[in-house]
**Q** 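Structure in structure tokens, see below.
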Amino acid sequence: MSDARLPSAAEFNVPMTATALTIAGSDSGGGAGIQADLKTFLACGVHGMSAITAVTVQNSLGVSGIYELPPHAVAEQIESVVTDIGVGAAKTGMLASAAIIEAVADAVVRLGVHPLVVDPVAASQHGDPLLRPDALAALRRSILPLADLVTPNTDEVRLLTGIEVGTHADMREAARALHAMGPAWVLVKGGHLTGSAATDLLYDGTGFTELPSRRHGTPHTHGSGDTLAAATCAALARGLDMRAAVHSGKEYVTAAIAGSYPLGRGLGPVGHFWRVRDLPGSVN
Ligand code: PXL
């Protein structure tokens, strides 16, 4: 359904309702991926939409199957919602393959999807790969230059830059290296570092801002990275500037981690309910 005469994003519907689009994979266990993003969008007050890249077969014990969608099907989902409903902000999560990455990058450019938060998802919390190894180069080349914000954890930093982050100085070096790959803003997440504070580092090419928060000693943090990126995306869709949006995203995910809960026999999810939890029979 491509049409070379498509109008620019400014000519598409400017929605009265704040809208956000997630371009990501489905988690059948409901804790991460598309499911985490849509719950986050709801809790953060925006109308959530999805372009599914892959369906994972997954529960609290891990990922046992991945079914990728055809790249053109991913692009068509993006085009469909952009050209009718309008997209106030978008985020990417699991992109699975180089072919899907190229299709997403092409659609983002052609349709003027903006602002774009890129969570460079490479693996699940159990270590199950969610990105083909040959797709890393495509992520670097085709998606990072389109990102208004990229939100890697320390494992993703190593894959993208080769930098092994162990200290705050390493985080700064990594932020500089990532910024040189094209994104306007970089948020290096320090949650995997040891220490009592889970400090993240925000960098816009000129100044560093450290975003400390209390570390919660729970193993049930499945979907926390997706949730941070989605909450930041929702805040951008509601018109906040990047710095305020990242603070808002961090506030939402920190409370969601504090409200995480065990589920199944493995790793439970973060609690997305905390802004809507005073309902009879709610989970927490
Ligand atoms: O949390 C990263 C992530 C993203 N997307 C999907 C996932 C996961 C982690 O398991 O399953 C679909």
**Q** Count the heavy atoms of every other residue, nucleotide or ligand shown that sit under 6.0 Å from CZ of Arg172, and state whether that count exceeds 12.
**A**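 Count over threshold, so yes.
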**Q** Before giving the answer on side chain to side chain donor-acceptor pair (under 3.5 Å), spell out for Glu102 and Ser142 the whole-Å C-alpha distance, their side-chain angles and the decisive distance to 0.1 Å.
**A** CA-CA 7 Å; Glu102 297 301 349; Ser142 301; 2.9 Å; yes
**Q** If I compare all heavy atoms of His272 with all of Ala43, which pair ends up nearest, and what's the gap?
**A**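 So the minimum-distance heavy-atom pair works out to O-CB, 3.7 Å.
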**Q** Are the side chains of Met181 and Leu139 in contact, using a 4.5 Å heavy-atom criterion?
**A**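 Leu139 vs Met181: side chains apart.
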**Q** Is a donor from one side chain sitting under 3.5 angstrom from an acceptor on the other, for Glu76 and His72?
**A**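 His72 and Glu76 do have a side-chain donor-acceptor pair below 3.5 Å.
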**Q** Quick check: do Val157 and Asp170 have side-chain heavy atoms less than 4.5 Å from each other?
**A**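 A side-chain contact is absent here, since even the closest heavy-atom pair is not under 4.5 Å.
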**Q** Are Pro71 and Ile100 packed together at the side-chain level, in the sense that at least one heavy-atom pair is separated by less than 4.5 angstrom?
**A**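 When only atoms from C-beta onward are counted, Ile100 and Pro71 do touch, with a gap below 4.5 Å.
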**Q** Applying ring pair (Phe, Tyr, Trp, His ring centres under 6.0 Å), can you list everything that pairs with Tyr67, at least two apart in sequence or on another chain?
**A**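 Once residues adjacent in sequence are excluded, Tyr67 has no partner under the ring pair (Phe, Tyr, Trp, His ring centres under 6.0 Å) criterion.
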**Q** Within the structure provided, determine whether Phe208 and Met171 are in side-chain contact (heavy-atom separation under 4.5 Å).
**A**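 In short, these two side chains do not touch, never coming nearer than 4.5 Å.
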**Q** Can you tell me if Gln58 uses its side chain to pair, donor with acceptor, with the backbone of Asp27 under 3.5 Å?
**A**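 Looks like no, no N/O pair under 3.5 Å.
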**Q** Would you say the side chain of Glu156 lies within less than 4.5 Å of the side chain of Asp119, judging by non-hydrogen atoms?
**A**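 Side chain of Asp119 against side chain of Glu156, heavy atoms only: contact under 4.5 Å found.
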**Q** In this structure, are over 12 heavy atoms from other groups packed under 6.0 Å from Arg141 atom CZ?
**A**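 Check passes, neighbour count above 12.
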**Q** If the test is side chain to side chain contact (heavy atoms under 4.5 Å, CB included), which one of Asp226, Leu21, Thr227 qualifies with Asp37?
**A**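 The option that passes is Asp226.
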**Q** Answer yes if the side chains of Glu68 and Thr53 hold a donor-acceptor pair under 3.5 Å, and no otherwise.
**A**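 No pair is found: no donor N or O on one side chain lies under 3.5 Å from an acceptor on the other.
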**Q** Look at the aromatic rings of Tyr261 and Phe273 and report parallel, tilted or perpendicular, splitting at 30° and 60°.
**A**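 Tyr261 and Phe273: tilted rings.
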